[in-house]
Participant: 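Quick one: the structure is below, and I'll ask about it shortly.
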Amino acid sequence: MPGLLSMELPVCLIGGLAVFLFFTRSLRGRSRRLPLPPGPPALPLIGNLLDYPKVSPWLAFRDMSRKYGGIISLRVMGQQIVVLNDYKAAVDLLEKRSSVYSSRPASPLFKLSGWDWSMSIMPYGQWWRRHRRAFWQYFHPGAIRSYHACQEKSARTLLSRLLKTPEDFAHPIEYALNASIMGTCYGLPVAHENDPNLNVFKAAESTLDLMNTGSNVLVESFPALASIPTWFPGTNFLERLAQSRKITAAMRDTPWLDIKALMAAGEVNTSVAGTILQRVSNSSQESLLESSEEVIGKNITAIIYFAFLLAMSLYPDVQAKAQAELDCVLGEARLPVIGDMESLPYVSAIIKETLRWHTTGPLGMPHATITDDEYNGYLIPKGSVVIANTWAFLHDPKVYPKPDEFIPERFLKGGKLGTTLPPDPVVAFGYGRRTCPGRHYANATLFIYMASILHTFNIAPPVDEDGKPIRIHPRPTTGFVS
Ligand code: HEM
């Protein structure tokens with residue numbers, strides 16, 4: 001019997017493989033015959049280039065979906081783009097089929113400008129997975145507790161700076177956020193003016209603007225342009241890209257060199273980078289340094305504070321309710337700490353409503369497919385760029401009635417954060433395996449800054465020459481961050 005079994009096993013394996021190949025091939029053949037999702041008719045060569053919305057694309061895509069349905073197909077310069085305006089489709093594809101939908105579009109421009117080492121733009125695969133695991137090790141809910149003291153300290157700095165220049169809130173917020181990120185990630189103090197590390201960070205941030213300018217956009221579609229010799233007329237953009245590579249490399253390396261020098265002099269550094277360096281020196285593997293690149297979080301949090309301040313100036317009743325809650329829970333004698341979050345549901349509801357009301361990343365970050373897929377009878381080809389209209393999901397009047405109004409109460413039931421209410425705006429942090437790994441850290445920062453400001457300041461709109469309040473009209477800008 002055992003002999004017979006061992007003879008049967010290879011036969012079964014080969015048989016199984018043949019059946020598997022037959023089905024995958026016929027599935028592939030079938031999917032190739034399926035239609036693409038509907039969309040505007042494409043022109044030869046340029047495809048839907050002229051249909052691709054230049055301003056507020058999230059609004060244009062929502063309107064397009066009224067004609068073509070929840071999943072729209074566009075083809076721009078040979079690139080297949082699928083726009084998901086339907087929340088269920090976004091969950092079905094980006095969350096439930098995350099293993100197919102978690103890559104990123106290849107971007108020659110990111111490489112040419114020196115941003116290609118960033119985890120956020122890496123294609124799906126071992127290399128990305130390794131970076132993501134390393135990042136998560138330092139930013140999972142348990143790990144971030146050790147950064148709370150640093151976040152609270154930066155909130156106090158924010159208050160004292162706001163007290164000095166209350167009308168110029170943007171600089172104090174940016175300074176405090178940078179101080180918090182520098183403290184958490186590198187354990188380095190930040191000078192009040194002209195901090196060398198912050199200067200490098202700011203310079204690197206400004207290189208992102210290069211992505212949207214003239215010839216650079218062309219390079220994205222025609223990477224061969226990057227090989228033109230620099231003496232050729234009209235190639236200034238190549239010099240700017242080379243400059244950008246230098247700046248982004250400096251951002252990656254400068255703070256590391258600082259803490260390396262400090263630690264070599266015997267200083268204890270318990271920050272994320274300090275812990276990594278400690279491990280590196282223990283295991284003598286210099287290459288481990290690569291996994292630390294992701295400690296640099298995106299500063300989109302700053303925009304959310306601007307939206308929060310705007311909402312508070314437009315909705316004084318909401319502000320008053322939050323202040324009453326803070327007075328009741330904390331009294332007048334102390335400032336909030338991150339540990340107070342659960343006792344302050346109204347403030348937490350304000351955070352959720354800010355993330356929903358002003359969707360900082362209205363179209364999220366584009367995903368890309370790894371293989372052909374079939375959904376609702378449509379083919380989503382391998383290599384498609386998949387864009388989820390996060391703004392449309394968070395402004396769907398059926399889910400969030402009066403979506404343009406700021407109503408934190410929509411997340412509360414009997415004064416408590418409920419579970420049967422409209423969904424939390426978690427999609428503001430993205431989808432599936434690419435969901436923002438800094439979200440727990442970001443939430444803690446949002447809470448401590450918002451609670452601290454609400455407990456100590458009254459936020460009012462600016463006034464005109466006659467002392468009358470000027471009503472500010474929110475006007476989102478077009479880009480990855482709006
Ligand atoms: C409220 C503030 C923030 C918002 C709304 C936000 C939102 C997002 C979104 C929409 C994505 C793309 C997700 C996707 O592709 O589906 C993302 C990715 C990412 N975020 Fe955040 N983020 C915030 C703060 C942060 C912070 C503070 C950090 C760092 C500590 C961070 C680190 C990252 C990283 C590393 C990625 C790339 C993940 C990957 O590609 O695998 N984010 N974020």
Side-chain angles (χ1 to χ4, degrees), residues 58 84 90-91 93-95 98 101-105 107 110 115-141 143-144 147 150-151 154 173 176-178 180-186 201 271-273 291-308 351-369 385-391 393-394 424-450 479-482:
W58 51 97
L84 306 173
V91 172
L93 302 182
L94 302 181
E95 302 270 350
S98 206
Y101 286 81
S102 291
S103 202
R104 294 277 189 223
S107 169
F110 272 109
W115 280 98
D116 52 329
W117 51 265
S118 166
M119 173 171 70
S120 8
I121 61 146
M122 283 180 194
Y124 188 69
Q126 279 303 332
W127 188 238
W128 164 78
R129 211 172 281 129
R130 187 183 151 193
H131 282 72
R132 178 105 190 174
R133 226 180 281 132
F135 188 99
W136 189 240
Q137 202 182 329
Y138 297 99
F139 285 93
H140 67 75
I144 58 156
Y147 317 135
C150 177
Q151 289 169 297
S154 76
I173 287 177
L177 279 173
N178 283 328
S180 171
I181 287 179
M182 272 295 178
T184 302
C185 296
Y186 300 104
F201 271 64
S271 69
V272 174
S291 59
S292 64
E293 293 155 355
E294 311 327 322
V295 293
I296 301 139
K298 271 290 281 144
N299 234 351
I300 56 178
T301 325
I303 318 272
I304 298 179
Y305 293 114
F306 305 158
F308 156 74
I351 298 174
K352 290 181 199 296
E353 183 64 346
T354 309
L355 287 166
R356 186 203 68 78
W357 182 66
H358 181 85
T359 319
T360 339
L363 296 177
M365 262 191 214
H367 288 217
T369 50
V385 171
V386 182
I387 296 172
N389 195 343
T390 305
W391 179 90
F393 307 151
L394 295 178
D424 279 357
V426 284
V427 289
F429 289 105
Y431 306 85
R433 295 184 192 184
R434 295 306 286 235
T435 301
C436 174
R439 62 196 180 281
H440 301 292
Y441 178 83
N443 258 327
T445 314
L446 289 176
F447 171 78
I448 194 60
Y449 285 18
M450 289 188 190
F480 161 63
V481 176
S482 167

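All values reported here derive from a predicted model rather than from experimental measurement. Order of appearance sets the numbers: ligands from 1, and atoms from 1 within every ligand. Heavy atoms only: backbone and side chains are in, while hydrogens, waters and symmetry mates are out.
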Participant: Out of all atoms in ligand 1, which are within 4.0 Å of some heavy atom of Met119? Include the element for each.
Facilitator: 35 (C), 40 (O)
Participant: Considering the heavy atoms of Gly438, write down every atom of ligand 1 situated less than 4.0 Å from one of them.
Facilitator: 28 (C), 31 (C)
Participant: Taking non-hydrogen atoms only, is Ala428 closer than 4.0 angstrom to ligand 1 via side chain, backbone, both or neither?
Facilitator: backbone
Participant: For ligand 1, is there an atom lying under 4.0 Å from some heavy atom of Ile304?
Facilitator: yes
Participant: By number and element, which atoms of ligand 1 are closer than 4.0 Å to a non-hydrogen atom of Ala442?
Facilitator: 1 (C), 2 (C), 24 (C)
Participant: Hey, which atoms in ligand 1 end up nearer than 4.0 Å to a heavy atom of Gly430?
Facilitator: 10 (C), 13 (C), 14 (C), 16 (O)
Participant: Any N or O of Arg132 that comes nearer than 3.5 Å to an N or O of ligand 1?
Facilitator: yes
Participant: Taking C-beta and beyond as the side chain, do Val91 and Tyr431 meet within less than 4.5 Å on heavy atoms?
Facilitator: no
Participant: Keeping the roles fixed (side chain from Ser271, backbone from Gly183), state whether a donor-acceptor pair exists under 3.5 Å.
Facilitator: no
Participant: Please check this pair: side chain of His367 against backbone of Tyr101, looking for a donor-acceptor N/O pair closer than 3.5 Å.
Facilitator: yes
Participant: Please identify which atoms of ligand 1 are closer than 4.0 Å to at least one heavy atom of His367.
Facilitator: 14 (C), 15 (O), 16 (O)
Participant: Could you tell me if any non-hydrogen atom of Pro437 lies under 4.0 Å from any atom of ligand 1?
Facilitator: yes
Participant: Any non-hydrogen atom of Arg104 lying under 4.0 Å from ligand 1?
Facilitator: yes
Participant: Where's the contact between Leu94 and ligand 1, heavy-atom distance under 4.0 Å: side chain, backbone, both or neither?
Facilitator: neither
Participant: Under the criterion side-chain hydrogen bond (donor to acceptor under 3.5 Å, both in side chains), which of Arg433, Arg132, Arg434 is the partner of Tyr124?
Facilitator: Arg433
Participant: Just say parallel, tilted or perpendicular for the rings of Phe201 and Tyr186, cut-offs at 30° and 60°.
Facilitator: perpendicular
Participant: If you measure every N or O of Trp128 against every N or O of ligand 1, does any of those distances drop under 3.5 Å?
Facilitator: yes
Participant: Closer than 3.5 angstrom, by distance alone: can the side chain of Thr184 be matched with the main-chain N or O of Ile181 as a donor-acceptor pair?
Facilitator: no
Participant: Under a 4.0 angstrom heavy-atom cut-off, which atoms of ligand 1 come close to Phe139?
Facilitator: 30 (C)
Participant: List every atom of ligand 1 that sits less than 4.0 Å from any heavy atom of Ser120, numbering the atoms from 1 in the order shown and giving each element.
Facilitator: 37 (C), 40 (O)
Participant: Relative to each other, are the rings of Tyr441 and Phe139 parallel, tilted or perpendicular (30° and 60° limits)?
Facilitator: perpendicular
Participant: Could you tell me how the ring of Trp127 sits relative to the ring of His131: parallel (under 30°), tilted (30 to 60°) or perpendicular (over 60°)?
Facilitator: perpendicular
Participant: So, do Leu84 and Leu93 sit near enough that their side-chain heavy atoms are less than 4.5 Å apart?
Facilitator: yes
